[in-house]
Amino acid sequence: MYILGIETSCDETAAAVVIDGKTIASNIVASQIDLHAQYGGVFPEMASRAHVEAISPVVEEALRDAGIGYEHVDAIAVTRGPGLVGSLLVGVNYAKGLALATGKPLLGINHLEGHVYSLWLTQPFREILFPVVVLIVSGGHSELLLMTGHGQYQRLGGTLDDAAGEAFDKVGRILGLPFPGGPNIERAASLGNARAYNFPRAKRDDSYDFSFSGLKTAVLRESTVPSSAAARRGERGTDRTPKLRTDISVNDVAASFQSALVEILVEKATRAAKAYQATEVLMAGGVSANSLLRQMMRSASELPVRYPPLNLCTDNAAMIAAAGYFRYNAGLRDDLSLDVAAMWPLTSASYDR
Amino acid sequence: MPILKESELDIISHSEEQTRRLGVRLGALLLPGDVICLSGDMGAGKTAFAVGIGKGWGATTPVTSPTFNLIHEHRREKDTMRLYHLDCYRLRGPADAETIGLDDLFNRRGALILEWPENISVLLPKERLWIELRVLELTRRNFILEGTGKRYEELVNKFRESTFGV
């Protein structure tokens, strides 16, 4: 069964064809990273314009790469949310147009469910036995889930403030590193001493929630000079970018920050896996590409740890198609009234088989 | 220290927890259409304060940083009112604001919390509550509330009563 997946929730325009929810026939991602890197973040208006330009060629390339035409597609799966409204609209409207023109079934997919199903695309595939604990960590999300079956999600915890990837981006900005923060901090950290600074770790409580803003503020305090009096008074037009101290080692701060953040994630995920008698710890999302996180999770967990290959950690449409396959099999369909859902907790996207 | 008007309030918070509790007091007072601007540097406590507002208002979904999605919509059980929480850091002007549907939000029956409001100052309504958050040291933060317009002068007064009992 061929599912065409479309993903435009943030700054990647992506389309892919996946066979039977497991085999990637094509996987095209048009990244806007160069466009946004010069401004240090994703700007919404620029993002949706870039999606509009890229969507048609990207979908056609995905079909061409897979060697199929629209007539071979069994269903169209598109990211419905969560994400940037203006970006989501481009993908959802395009998918609705395709569904209308081709008469193929339409499926609206939760972006986080997509990340979960990136784990099903790992080759060679070993069957995943439920229940599993899933840690989704990306620029916009930090969620710890218990998955008891296909489409069965229970939220164990999540961030109370910044998402993990957001903490990477913000600390990257403090340290004057290029956007996006994740890979650039990882690079700097590889040259630094992770013990140079003792940044705050997880609160030792029973919850599975994360908090990263205290860590971010500690990095800020340690590595910047207080802003000018005018900036503190909040006068308009004053530069509010924190000024980096000249006597700190960016590499040491990056390494110490990264190790604190990773320790928080590892502690919560391994504790949850034990408490819920999971068979495995799964990780997905952009931050799961971080090699220290992978290494620490493997060494701390008594259970097998699984994560997607690097190209499936970041946003892509193959994972949307894979999630679509399992929804399709469960008999779910959406109609042309499908609308974007900018805020859409994964638990409310749960379904029964 | 400047002499404050009735419509202004100057507060010191000694911890993130206290910042959250101040937010809870304000959140309980919000009405549909209210615009709350939270201005301050990274680490000043904007999100911590917003988390408190969400709690005091009764949000059923936890308030977290809206940086990635730019806008979070919250609901509560007691009525159909909405609470919108925006991060304007990456909005550079009217075109970006339009893409995320900001005009629409000002006209809806929800309350708005705006972080980095100075980035869209031309689009802000003249009447609003402006809260300046400043880092003093370690966990100490200074908050200056300034209400513009009748509704917001009243809001500052109610907040003062509920926080200090005077």
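Letters A, B, ... are given to chains in the order of the sequence lines, protein chains preceding strands, and every chain is numbered from 1. Only heavy atoms go into these numbers, but all of them, side chains included; no hydrogens, no water, no symmetry mates.
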Which atoms of A:Ile174 approach chain B - backbone, side chain, both or neither, heavy atom under 4.5 Å: side chain

Residue selection (most heavy-atom pairs with chain B, distance under 4.5 Å) from A:Gly86, A:Gly140, A:Pro82, A:Ser87: A:Gly140

Distance in Å, A:Glu45 CD paired with B:Arg90 CZ, rounded so as to fall on 0.5 Å steps: 14.0 Å

Heavy-atom proximity to chain A below 4.5 Å, by part of B:Glu137: neither

Side chain / backbone / both / neither for A:Ala342 at chain B, heavy atoms under 4.5 Å: backbone

Heavy-atom closest contact (A:Phe43 atom, B:Asp96 atom, distance): CD2-OD2, 3.8 Å

Choice from B:Ala95, B:Ser65, B:Ala44, B:Ala48 maximising heavy atom contacts with chain A below 4.5 Å: B:Ser65

B:Asn69 versus A:Leu84, closest heavy-atom pair with distance: O-CD2, 3.6 Å

Between CZ on residue B:Phe68 and SG on residue A:Cys10, distance to nearest 0.5 Å: 3.5 Å

Side chains of B:Leu70 and A:Pro44 in contact at under 4.5 Å (non-hydrogen atoms): yes

Validation row: B:Met42, A:Arg173 side chains within 4.5 angstrom (heavy atoms): yes

Rounded distance (nearest 0.5 Å) linking atom NE2 of A:His141 with atom OG1 of B:Thr64: 9.5 Å

Straight-line distance of A:Thr224 OG1 to B:Asp41 CG, nearest 0.5 Å: 9.5 Å

